[in-house]
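Structure first, then comments.
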2 protein chains.
Amino acid sequence: MAEATIRDVASRAQVSVASVSRVLNGFDKVSSQTRERVAAAVAELGYVPHAAARSLSMARTHSIGVVLPDLHGEFFSEIVRGMDRVASERGYLLLLSSLHAGSRLGTSALRALRGRVDGAMVMAPHLGEEELAATLPPGVPIVLLNTRSQQGLHSTISLDNAAGATAVAEHLLALGRKRVIHIAGPPGNADAQERAQAFARRVAQGDDVVLTAVEGDFSEQSGEDAVAALLRSHQRFDAVFAANDNMAIGALQALRQAGRQVPEAVAVAGFDDIPMARHLGLTTVRVRIAELGEYGLSELIDTVEGRGAPPASTLHPVELVVRTSTGQA
Amino acid sequence: MAEATIRDVASRAQVSVASVSRVLNGFDKVSSQTRERVAAAVAELGYVPHAAARSLSMARTHSIGVVLPDLHGEFFSEIVRGMDRVASERGYLLLLSSLHAGSRLGTSALRALRGRVDGAMVMAPHLGEEELAATLPPGVPIVLLNTRSQQGLHSTISLDNAAGATAVAEHLLALGRKRVIHIAGPPGNADAQERAQAFARRVAQGDDVVLTAVEGDFSEQSGEDAVAALLRSHQRFDAVFAANDNMAIGALQALRQAGRQVPEAVAVAGFDDIPMARHLGLTTVRVRIAELGEYGLSELIDTVEGRGAPPASTLHPVELVVRTSTGQA
DNA sequence: ACGCAGCGTGTAACCGGTTACATGTCTTAA
DNA sequence: TTAAGACATGTAACCGGTTACACGCTGCGT
């Protein structure tokens, strides 16, 4: 038994395909008799419209492409959760595609979106502007996530890293810390750069404050290694700001193993507010990732549906959360 | 400038659409001259094939639907990560759809998959068999995840909850624990039921062992509450097995607050091995969720591509991980 | 010289919907 | 009584690909 088509429904209901289509799409110029007969035929045949056919003739898919660099961890699940909320509310599905760093595949993945989606949310931190422009499928509205970009060709929505890092700096300064370590993220990463830069700028405004920056790669291990290395070299410091929570957690472990008291001897702060941060009492910057996804997707769907504002760059706000790793024990 | 179609390419290359199609699909009966001219025209026009059109005529979409009950947390991101790995390897995209508990929408979400996907991975723990059968789109291969089901109509792949719970029971018995608490998951949940049942069965084989089961809802709070209540009622116990890690973590907190030593006074074990379990030294059952996703999707794609084995039920293995919450302090 | 196979190419039907336009029927006003 | 309009319905073109089949050409064997 092959799948029923609209023509099967039409002949069974003894009406034309046009009438069936009208009934199915809630068009009003249909007699109630026709409506009933079509409904009956649909039910009897278990008919379900064929999405590809509809997409082809309407040039609308009601799907949104989501292209992310890596599909793991809290960040990913949160952003998708936010998008899903908006998508299902507004009748869209999400087409997921990871953009692996070995990017030839990524390129084709992006192009493969033509005819599949009405728009796309793209996060491609490691792609340069030119590469991006060359890769993006033409004619598909795009919202760029956390990707500095472009001559205003696409909408962009990104975290307010600068505000977060500045808030941490002010907090540490207010605590009177003078010898501050920053464990930065990977050099190519734009978020990491912004955090490091804003932090350094604000710390530099303190009196007699010394800042040392070391490099990490966002992994817990790299945070632990960085602090362990500092301890071995007898570097003196009374505060650590890691560019993300994972590294901050690594730092906490290294400090605990070395017997350094947190926060008395060393205050520690991170960025992201992952769930574990709360359990460990880690001061951090809360990033409402799900909201970012919601907001970005709403905007994209507006654009897709023609209700769109012109492309704009938006900064998504963040929030300092003070916990015991910098406050009283 | 509208998007270029295959006919634009054909006329520009001065060949027929059939030839263009043949070149694009790597069909070999094409002269090298034709091949070059088509390639040139494609490049000049920036032509990208239209996926919906191709899907319609080939009856293949190269997409797989992923229908999950809720899109958050570690479980979700892990399972999607596993699926994505397989999908991108084999040239598929994932179409994501959450199945909200208020399920009228869910039903339509499932049906909306027709013509959009070649197959679907469905996880619908709260749907009954009949409901499921009525909801699933006909003619689309399905793999059910963690959903006990059916008269063998679809493939099923689920966690070996029984093995995990049994292993925990044996571990606790080997430690000589005699008064054991089980904090169960929500009553309607199949995983929770299997864990509770297998655990009870194995514990009953111990000598002089008393098992008390209390109910939770998989949340950390419910674990904490459950243990707090037991302590208040002066129930004596020397081991707690929670049906998931979240509740086990709650249990740990309640015990710490009451000053009970873990593991000396009370051994605690969970299920899932979420990242936090490692940090807290929680003994648990490791579930390789990403692998489950990989495995399930591989099987589904095999079926889609005709290389499929008949529907079967598979149990995905799990692994006991002993940490300090039951071992030496 | 002829037939036939093999190869490259083009024509047109088809996938399953939507929808502009034509058609037919009934009502209503002149 | 009849022309005009409103309304429900049907016919067929179209969306952009794929592909069965037909066709024309070349080279071979007899």
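We name chains A, B, ... by the order of the sequence lines, and we start the count at 1 in each one.
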Does the side chain of Asn146(B) come under 3.5 Å of the side chain of Ser158(B) through a donor N or O and an acceptor N or O? no
Looking at Arg90(B) and Glu305(B), is any side-chain nitrogen of the basic one under 4.0 Å from a carboxylate oxygen of the acidic one? yes
Taking only N and O in the side chain of Ser31(B), is any of them less than 4.0 Å away from OP1 or OP2 of dT9(C)? yes
Nearest to the side chain of Ala53(A), which nucleotide is it out of dT9(C), dG17(C), dA20(C)? dG17(C)
Quick check for you: among dG17(C), dT9(D), dC15(C), whose closest atom lies nearest to any side-chain atom of Ile6(A)? dG17(C)
Would you mind classifying the nucleic acid contact of Ser55(A) as base, sugar-phosphate or nothing, using non-hydrogen atoms under 4.0 angstrom? nothing
Could you state the CZ-P distance from Arg22(B) to dC7(C), rounded to the nearest angstrom? 14 Å
Take atom CG of Leu56(A) and atom P of dC15(D), then tell me their distance rounded to the nearest Å. 9 Å
Side-chain donor-acceptor pair under 3.5 Å between Thr34(A) and Arg22(A), yes or no? no
What about Arg7(B), does its side chain sit under 3.5 Å from the base of dG17(D) through a donor-acceptor pair? yes
Counting side-chain heavy atoms from C-beta on, which of dT18(D), dT18(C), dG10(D) comes nearest to Ala18(A)? dG10(D)
Pick base, sugar-phosphate or nothing for Ser19(B), based on heavy-atom distances below 4.0 Å to the nucleic acid. sugar-phosphate
From the set dG17(D), dT19(C), dT18(D), return the single nucleotide nearest to any side-chain atom of Tyr47(B). dG17(D)
Measure NE2/His50(B) against C1'/dC14(D) and give the value in whole Å, please. 13 Å
Take atom CD of Gln33(A) and atom P of dA8(D), then tell me their distance rounded to the nearest Å. 13 Å
Less than 4.0 angstrom between a side-chain N/O of Ser16(B) and OP1 or OP2 of dG10(C), yes or no? yes
Between dT19(C), dT19(D), dG17(D), which nucleotide has the shortest distance from any of its atoms to the side chain of Val17(B)? dT19(D)
Atom CG of Leu24(A) and atom P of dG16(C) are separated, to the nearest Å, by 16 Å
Rounded to whole Å, please give me the gap between CE in Met58(A) and P in dG16(D). 14 Å
